Protein chains: 2
Amino acid sequence: MEKDIFDILDDRSRRVLNAVVCCYIDKPDPVGSRFVTRKYSFGFSPATIRNIMSDLEEMGFLRQPHTSAGRVPTDKGYRFYVDSLSGAGEAGRAPEVTPEFVERFSRRLDAFRNDVSAMYSEVTTTLSTLSNCVSIVLPPKAGNTTFNRIDLIKYRGDQIVALLITDEGIIRNKVLQSDPMITQDDLNRLAGFLNAEFSGHTLDEISQQLLSRLKREKYQWDKLVSRAVSIYEQAMSASQEDIFVAGLYDVMSMPDFSDLSRIKELSKAIKEKHEIIKLLAELSKVDGVQVVIGNENPIEGLKGLSVVTSVYKEGERPMGIIALIGPTRMDYSKTIIMVDTIAKCVSRTFDD
Amino acid sequence: MEKDIFDILDDRSRRVLNAVVCCYIDKPDPVGSRFVTRKYSFGFSPATIRNIMSDLEEMGFLRQPHTSAGRVPTDKGYRFYVDSLSGAGEAGRAPEVTPEFVERFSRRLDAFRNDVSAMYSEVTTTLSTLSNCVSIVLPPKAGNTTFNRIDLIKYRGDQIVALLITDEGIIRNKVLQSDPMITQDDLNRLAGFLNAEFSGHTLDEISQQLLSRLKREKYQWDKLVSRAVSIYEQAMSASQEDIFVAGLYDVMSMPDFSDLSRIKELSKAIKEKHEIIKLLAELSKVDGVQVVIGNENPIEGLKGLSVVTSVYKEGERPMGIIALIGPTRMDYSKTIIMVDTIAKCVSRTFDD
DNA sequence: ATTAGCACTCTCTATCAGTGAGTGCTAATA
DNA sequence: TATTAGCACTCACTGATAGAGAGTGCTAAT
């Protein structure tokens, strides 16, 4: 499929197409043939460029907002541009991402090593400030994290506090209702039991296999086991996935969002975040940087926008995904490098 | 001061002023004399109303966007309207806030009794959906909450998890670096010591008095004490106040925000939340509903907007504050009732 | 195959007149 | 004296019109 596109277009057309996309990304006015010849010295006259652009339009890479206006890239045009970007060395662009910046940012992240939430907030605000896009971090799926230990603490009256710690450092605490007669000693016994049974397993394994096995097996009627299981299930209930979002303010300074309705759509999509979560979860199955352009996007309110993502990992294991959402006209070469770099920084932070 | 205003205006002027404010809140078009006479049967001709409106303008309650347009309330006009609102019984307005709604909402909050954060999120989303304003909850100042107990759990290597529980149910956990040789037994001793010393005191008392006394007094050189103090201080460090915000999307549907620049200003103020936090902290010193109108507002980006707040309490003790931020043209009678009602619901939830 | 030339198209801006809602003022009225 | 009817006036808004400017497609020449 991608090969096809490269075959269809000869070298000259490709260069013109990329030039048009670059110009348009640079300034959101339709790009005319004259302008292209002046900015890039192709050695052709505007008329020739016009013919090429006309062909590109027929093939669906460009379109005219109206007769007698310059051309604007279509989603397909952007797609071609992005694909040819990853081929060529796109270094030189994205001057914000200097080695010094990476160094400084990595050190800043280190400070958050004991507080992942704060780290994700830091990542989103930094990314959105630099890119003028909305940035999102999808934290690791809780189910994929590894049970380290649970502690149960008697609080007041019939309440107990459950503290769940995973190997990834993700910590979850919750107040539970329980039998008022239960003592701290009882709780210690229950926690001890759970720790012995579950330690080293992922939360998904626990909820899908271990729990049901425990319920099934011989000590089904054992009071301790049934109590422990019930408490664990309470502690894990209602764990909705959440995302970290920032940059709605920053994205408003992009000229593409000069009308309120687009901002409104985007805000709505963010507010009803489940669709975005679903999309990002899907994207996080693939390694490396991914770009979803305009209508390739399955979410209604996000059509007309593009998403650039990169997975961050602990060692080899993918943990979550970092995303930038912005206009299809975004500076892909810049955002791609940014998301990629930042994701690597995050991965590195998890690694030491 | 307030008395003055009521003295300056005779009954007729007051009624006209309130009519103009009501009309304008209803529909954001300048209100003409004719329109007022038709909508309200004052028994006067438009000419008379014109004279009255002219006086009101001279006194600064109304202004004209341009000659030959109707009148629009000034901040002072809104102020008068709001003040006279709290006098009269404003029942009948705010049809959203039925007893059934309150009942249903209270029950919903009950479900969140063990998870305050989730409750605050629920409050903000509900409020902003109903009011089309941005809604904010300022949680209780950590310093005012009462130490219940701390638990220290050995995690991996040199890390320990500190779990701090307060009487209000606010729970704080943090991963700390510590001496790798320390054992769980040591940690239990340290926690036991802290619990014995601090239980029942507010976090402010602890940090302002108890800690320094501990450091000063005879067992200054005791290893256990110094270790315990150091761990407590680590656990409490960097506790920045945070707020719960929702409704940026909802507020965009108000016609007052049809231009992007105002939304941008508001987003910016929210993004740089410290000023808002400062304002709300100030407002939360006063009991009951408060209304800050337009330029009365000290925050630059919030001038031109109004803030309606109400404190929520546990028993008699004020905990935090609930706020709505919207255009000065907001429906005050509605938002006031809403904020007031919701704050009472929250207080009630804390009480049982 | 490329290019110069030219007529054409379409947006954008400015200008202008007409409309309508609303005002302020004045003189008449209760 | 307070109220009102009448009237001239103001100003935003709308729609039509014209001119400028940028860009195109097509054709004929190179």
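Proteins come first, then strands; the chains are lettered A, B, ... in the order of their sequence lines, and each starts at number 1. Keep in mind it's a predicted model, so treat the numbers as computed, not measured.
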Minimal non-hydrogen separation, [X] against [Y], with atom names:
X        : Y        : result
B:Pro327 : B:Leu305 : CA-CD2, 4.0 Å
B:Val251 : B:Ile325 : CG2-O, 4.4 Å
B:Gly60  : B:Thr74  : O-OG1, 2.6 Å

Is there a donor on the side chain of B:Arg34 or the base of C:dG22 sitting less than 3.5 Å from an acceptor on the other? no
From [atom1] of [X] over to [atom2] of [N], roughly how many Å is that when rounded to an integer?
X       : N      : atom1 : atom2 : value
B:Leu62 : C:dT23 : CG    : C1'   : 14 Å
A:Arg12 : C:dT3  : CZ    : C1'   : 12 Å
A:Glu57 : D:dG23 : CD    : P     : 15 Å
A:Ile49 : C:dT2  : CD1   : P     : 10 Å
B:Ile52 : D:dT3  : CD1   : P     : 8 Å
B:Gln64 : C:dA21 : CD    : C1'   : 12 Å
B:Phe44 : D:dA2  : CZ    : C1'   : 10 Å
B:Arg50 : C:dT26 : CZ    : P     : 14 Å

In Watson-Crick or G-U wobble terms, with both distances under 3.5 Å, the base opposite D:dT27 is C:dA4
**Message:** Tell me which nucleotide, if any, is Watson-Crick or G-U wobble paired with C:dT19 when both distances must be under 3.5 Å.
**Reply:**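 Base-paired to D:dA12.
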Taking for each residue the nucleotide of DNA chain D with the nearest heavy atom, is it B:Ala47 or A:Pro30 whose nucleotide lies nearer the 5' end?
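Going by which nucleotide is closer to the 5' end, it is B:Ala47.
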Measuring from the side chain of [X] (C-beta onward, heavy atoms only), which nucleotide among [options] has the closest atom?
X       : options                : result
B:Ser33 : C:dT3, D:dA5, C:dT23   : C:dT23
A:Thr67 : C:dC10, C:dG24, D:dC11 : C:dC10
B:His66 : D:dC26, C:dC10, D:dC11 : D:dC11
B:Arg71 : C:dT23, C:dC10, D:dT10 : C:dT23

- Message: Tell me whether the rings of B:Phe80 and B:Phe61 are parallel (<30°), tilted (30 to 60°) or perpendicular (>60°).
- Response: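 Correct class here is perpendicular.
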Check the phosphate of [N] against [X], side-chain N and O only, distance under 4.0 Å to OP1 or OP2. Yes or no?
X       : N      : result
A:Thr48 : C:dT2  : no
A:Ser68 : C:dT11 : no
A:Ser45 : C:dT2  : no

- Message: Please check this pair: side chain of B:Thr129 against backbone of B:Thr125, looking for a donor-acceptor N/O pair closer than 3.5 Å.
- Response: yes
